[in-house]
Amino acid sequence: MSVYITAIIDGFRLLLSGSQDVWSIIELSLGVSGSAILIATVIGVPIGYFLGMTRFGGRWALILLVNTAMGFPPVVVGLFVFMALSRSGPLGELGLLFTPQSMLIAQVILAAPLVAGVTTAAVAGVPRDLRLQLRALGASRVQEAWAVLKESRRGVLAAVIAGFGGIISEVGAVSIVGGNIEGSTRVMTTAIMFHVRRGEFGLAMAWAMVLIGIALVVNAVLTGLQNAGVRHER
Amino acid sequence: MSVYITAIIDGFRLLLSGSQDVWSIIELSLGVSGSAILIATVIGVPIGYFLGMTRFGGRWALILLVNTAMGFPPVVVGLFVFMALSRSGPLGELGLLFTPQSMLIAQVILAAPLVAGVTTAAVAGVPRDLRLQLRALGASRVQEAWAVLKESRRGVLAAVIAGFGGIISEVGAVSIVGGNIEGSTRVMTTAIMFHVRRGEFGLAMAWAMVLIGIALVVNAVLTGLQNAGVRHER
Amino acid sequence: MSADVATPARTAAVPLVVGEDIVVRFRKRTVVDVARIEIARGCTYGLLGASGAGKSTLLRALGLLERPTSGRVLIDGVEATRRDLTIRRGIAAVFQKPYLLRGTVADNVAYGLRLRGVSGTERAARVSEALERVGLAGWQRQSALTLSGGEAQRVALARALVLKPRLLLLDEPLSYMDPLLKRGLTAEFASILASENVTAIYVTHDQDEAAVVADRIGVMREGRIVAEGDPDEVLGLPEDEWVAAFVGMEPPLRGGVRATSDGLATIDVTGVTFYATTTLPIGTGVLLAVRPEDVTIYEAGVELPLGSARNRLDAVVAEMRPGGGTVQVVLDHRGTRIAAAVSRASAKELDLKVGARVVAVFKATAVRVRASA
Amino acid sequence: MSADVATPARTAAVPLVVGEDIVVRFRKRTVVDVARIEIARGCTYGLLGASGAGKSTLLRALGLLERPTSGRVLIDGVEATRRDLTIRRGIAAVFQKPYLLRGTVADNVAYGLRLRGVSGTERAARVSEALERVGLAGWQRQSALTLSGGEAQRVALARALVLKPRLLLLDEPLSYMDPLLKRGLTAEFASILASENVTAIYVTHDQDEAAVVADRIGVMREGRIVAEGDPDEVLGLPEDEWVAAFVGMEPPLRGGVRATSDGLATIDVTGVTFYATTTLPIGTGVLLAVRPEDVTIYEAGVELPLGSARNRLDAVVAEMRPGGGTVQVVLDHRGTRIAAAVSRASAKELDLKVGARVVAVFKATAVRVRASA
């Protein structure tokens with residue numbers, strides 16, 4: 001077990017030393033994934049609300065599309081974004097490949113369907129009778145929509161947090177489109193891969209501990225959201 | 001868009017050509033992930049059943065543990081398995097690092113908590129009154145357990161299928177512990193990363209299409225399981 | 001029941017709500033199919049029927065909460081839909097579950113007013129008034145989630161009444177209550193509805209509730225209205241056999257008026273003579289029925305007490321259906337059947353059993369009569 | 001109600017089920033707290049109470065489905081728990097929802113037999129017999145998921161009866177039914193329970209249902225049994241004021257036997273004289289009550305018909321509570337209150353309103369009397 005203990009001590013030392021290298025990578029990770037989840041929320045919540053609340057012809061096809069996008073392997077998303085941003089790709093002229101922006105794009109594509117999908121479920125889970133009651137109290141369409149969204153805010157929040165946890169832990173897409181360039185696109189996950197391969201367990205462990213911390217917080221918040229379930233009975 | 005079209009055509013050609021290289025990697029992926037999900041099911045279902053059905057003191061702590069394990073970043077799991085199997089690690093003498101077995105271990109660790117967690121929820125979702133009814137018809141503890149498991153089989157099946165979809169698409173852990181060695185530990189996801197980096201979009205697209213196909217099937221099965229929800233009302 | 005303050009002319013003119021050819025289908029199944037229904041101003045209309053009869057669906061269509069598959073709803077003679085927010089805001093509803101929102105009682109009662117942009121001071125005044133009307137004066141600051149079922153449902157009623165709706169929808173508002181609570185709240189709701197002079201549609205599967213609350217009753221079955229009229233008519237003389245069974249009566253008898261004098265008619269029902277108070281002329285074909293509560297049973301051959309009970313019928317006990325405090329005894333006189341509700345003590349004392357010979361006694365005023373079609 | 005085939009000695013010896021000091025707590029809240037309850041062999045015990053009173057929880061404890069926080073359950077005089085599978089297999093239950101499993105009606109009815117390893121041919125025979133008893137002969141191959149609510153609940157009853165249980169638990173088996181269906185099924189269940197000679201515990205919140213089904217009734221309130229006895233006793237002369245209100249009566253009156261002759265007692269209740277049939281000796285302090293169904297109202301001053309109705313009481317209408325077919329009229333005679341159930345037609349004819357002067361008439365046999373503690 002000594003290999004773990006050594007690595008954990010080294011990891012703590014690196015984190016506490018305030019080494020610029022370690023913290024700049026954490027900063028980049030948080031920055032890219034944080035921005036990505038924000039954008040994904042702005043895109044995903046309205047789509048999810050729309051899919052969950054309204055009944056129209058192609059609705060099931062759209063829900064299937066969102067679900068399929070949710071289940072897309074991240075490496076495949078990475079491949080598609082890479083191709084789009086590569087010199088011969090449709091967006092190649094923007095020169096975004098191997099930049100933080102390219103990772104942001106990949107993460108938005110990964111997170112938005114998740115946010116939309118879970119929002120759909122959360123909104124659809126608001127009891128029909130509650131919506132009828134709101135309507136029967138004179139809510140306009142906009143007021144009804146707002147109230148429904150407020151009622152399902154736990155589900156939406158859960159989607160956002162789970163999405164953040166997912167993309168900050170993800171490595172396939174960011175390593176493909178980011179390229180793990182030190183000081184530019186090296187994030188925590190790609191850094192871990194890089195250093196493990198070189199046997200630098202202390203460095204890898206430093207970021208692993210931060211990632212585990214994030215995972216614990218995400219898990220705690222999700223558990224909390226589940227347990228404090230909305231009560232409609234009264 | 002031509003970059004996509006070219007890659008898709010190339011991908012199809014490679015798949016249909018029956019090239020040994022392409023198919024052996026697909027075989028290895030399916031073999032490792034299939035074995036992993038089998039083992040994870042055997043481990044996870046009893047744990048999940050136990051957590052969902054019985055009430056005991058440390059139950060919530062155990063559920064929290066399972067949930068935390070579910071949320072663990074795959075690269076971190078990869079790091080831990082790598083350290084265990086590395087020469088200086090506790091299992092270093094087995095010489096499993098960079099073998100398919102190492103990937104299998106990592107994937108079991110990734111999938112088992114998921115299977116256990118979803119089984120817990122599925123089993124706990126069987127209405128208490130149904131269990132009382134079974135008991136009141138004279139079911140012994142074992143008969144009651146079996147009937148409950150049968151009632152929640154959709155949820156368990158969903159967990160298994162989602163777990164399979166997750167580990168076969170995963171790249172962080174397998175690339176760390178497997179090392180992406182051609183002809184030995186190169187699976188679909190690591191192959192995609194490898195070939196994208198080299199601009200070999202046709203090869204990458206071949207595996208991406210297989211992965212997408214698997215994702216579509218997984219998604220379709222999950223949707224089907226959700227829609228054919230169990231009816232207890234009658 | 002409620003004293004309508006509108007002028008007779010306006011009242012007579014247009015019913016507040018008219019539904020025309022309302023059809024609602026879910027997945028090809030026709031849930032509601034009603035050619036015409038009218039809700040008069042100031043009246044509480046009771047929609048009665050078994051579950052699955054389409055009562056709630058019809059209510060939601062008439063209340064502009066959901067668009068029917070086809071047909072139109074006129075409010076005040078003008079066609080209206082879910083999109084007409086102004087008209088919709090004249091309608092409020094109380095459902096089975098109160099569905100209170102997080103927050104205080106006052107927050108909940110004020111919710112609809114806030115949606116309408118009513119100012120804070122007016123809101124407070126109206127909330128306080130509405131709470132008083134439902135017997136919860138001063139409960140404003142109580143948390144809505146700590147209320148008992150009965151209290152919560154009163155808050156839900158206050159939340160609707162505070163909007164001073166022209167039309168109030170009540171969809172089984174008391175069906176989740178215990179019998180004891182329900183009995184009290186039914187009377188309370190009835191008196192509030194009567195004193196508020198509000199027009200209401202009250203959906204229930206409980207005929208006793210409908211009898212207490214409604215000025216007019218429509219009985220629904222399989223999406224259609226199979227009986228409609230005053231509560232006394234519908235519950236006292238149901239034409240339809242199914243409706244009769246639903247309200248706990250034998251099917252009505254058919255007869256003809258043979259003689260009349262001073263408002264007392266002699267009616268012949270296949271050889272059996274009934275006396276009833278009616279002004280229908282001689283020769284009229286009639287339907288007639290007696291509520292079991294109005295029939296008293298005596299031992300056969302006993303000297304009957306004097307009194308105003310004109311009708312005396314020798315009969316045989318054909319069936320006994322034990323109820324709670326009373327036993328429903330079906331009596332047969334050569335094929336003519338009426339039912340009597342007898343208290344358990346009386347049934348025991350009279351030693352009633354199937355085949356026993358008895359005399360059924362009931363007043364002429366208790367015989368309900370209607371000209372048959 | 002049911003003719004017990006056991007020898008009197010065995011019957012007298014030990015009740016089939018005894019609960020001693022049964023306490024159930026959920027999260028520190030005491031849901032059930034019953035010192036002793038006995039269910040006699042062949043008897044249907046009705047547990048009556050509002051929802052949340054702890055009826056179902058007590059039922060589950062007595063039926064060995066859930067272990068109480070403390071206390072013990074004796075079956076046949078022997079302490080038993082959930083772990084005693086053999087004893088538990090003598091107990092079967094029907095709940096609110098039928099909870100049928102996927103498959104045919106026969107699969108469902110046979111389920112418990114299969115759990116017990118009963119052979120296929122015997123299973124088929126017993127299933128067919130059980131289905132016949134619940135009126136579903138020949139329904140074996142029907143899919144269980146296509147049944148109506150009433151049919152499904154009959155299948156659930158057959159599934160329990162097929163096991164020939166020594167104890168049958170019924171937990172509000174009819175509470176999800178419509179009134180019409182419920183009325184029919186209540187009578188049907190009562191007759192099946194009586195003819196099966198099974199010992200049963202029947203939980204309900206509906207006193208009418210309890211009156212029809214039960215041989216003995218326990219009324220629960222807040223986890224305790226607050227009244228227990230024959231249905232006539234509990235529903236006809238409830239001691240407790242809350243129980244009286246719950247079963248729709250005024251609280252009982254207190255008086256003393258002043259004179260007796262030939263089984264007819266003259267009872268003095270604060271200056272008012274009641275006649276009752278009782279053999280209690282002179283001087284006994286008594287509780288007495290009259291069911292509203294047994295009280296007839298006449299106009300004050302009217303010449304009363306002759307008859308066996310000994311009790312005549314001048315009174316003032318203190319309160320009117322409209323019910324379905326009848327109006328519950330509370331009468332006051334200088335502070336002594338009784339209630340009368342009057343049909344709507346009579347109430348109208350008598351022009352009853354609060355403050356009206358009337359005469360209340362009821363038989364001596366209708367006055368229920370019990371020596372007070």
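This is a predicted model, so every value here is computed, not measured.
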Q: Please report the C-alpha distance between D:Asp232 and C:Lys348 in whole Å, then the side-chain angles of each, then the deciding distance to 0.1 Å, and finally whether the side chain to side chain contact (heavy atoms under 4.5 Å, CB included) criterion is met.
A: CA-CA 11 Å; D:Asp232 270 354; C:Lys348 209 160 138 193; 3.3 Å; yes

Q: Decide, yes or no, whether a salt bridge links C:Arg344 with D:Asp294 under the criterion of side-chain N to carboxylate O below 4.0 Å.
A: no

Tell me which of these, [options], has more heavy-atom pairs under 4.5 Å with chain D than the rest.
options                                : result
C:His205, C:Arg368, C:Glu209, C:Gln207 : C:His205
C:Gly248, C:Ser346, C:Ala341           : C:Gly248
C:Ala210, C:Gly49, C:Ala50, C:Gly236   : C:Ala50

Q) Taking D:Ala345, D:Pro322, D:Ser51 one by one, which has the highest count of heavy-atom pairs under 4.5 Å against chain C? A) D:Ser51

Q. In terms of heavy-atom proximity below 4.5 Å to chain D, should C:Arg321 be classed as side chain, backbone, both, or neither?
A. neither

(Q) Taking side chain as everything from C-beta outward and backbone as N, CA, C, O, which of these in C:Ala187 sits under 4.5 Å from a heavy atom of chain D? Side chain, backbone, both or neither. (A) neither

Q: Scan side-chain atoms only and decide if D:Glu349 and C:Thr365 contain a donor-acceptor pair under the 3.5 Å cut-off.
A: yes

Q) Which atoms form the tightest heavy-atom contact between C:Ala245 and D:Arg183, and what is the distance? A) O-NH1, 3.3 Å

Q: Return the set of residues passing ring-ring contact (aromatic ring centres under 6.0 Å, His included) with D:Phe189 (not counting sequence neighbours), or none when no residue passes.
A: none

**Q.** Pairs flagged by side-chain hydrogen bond (donor to acceptor under 3.5 Å, both in side chains) wherever residues 238-249 of chain C is involved - sequence neighbours left out
**A.** C:Glu239-C:Arg370

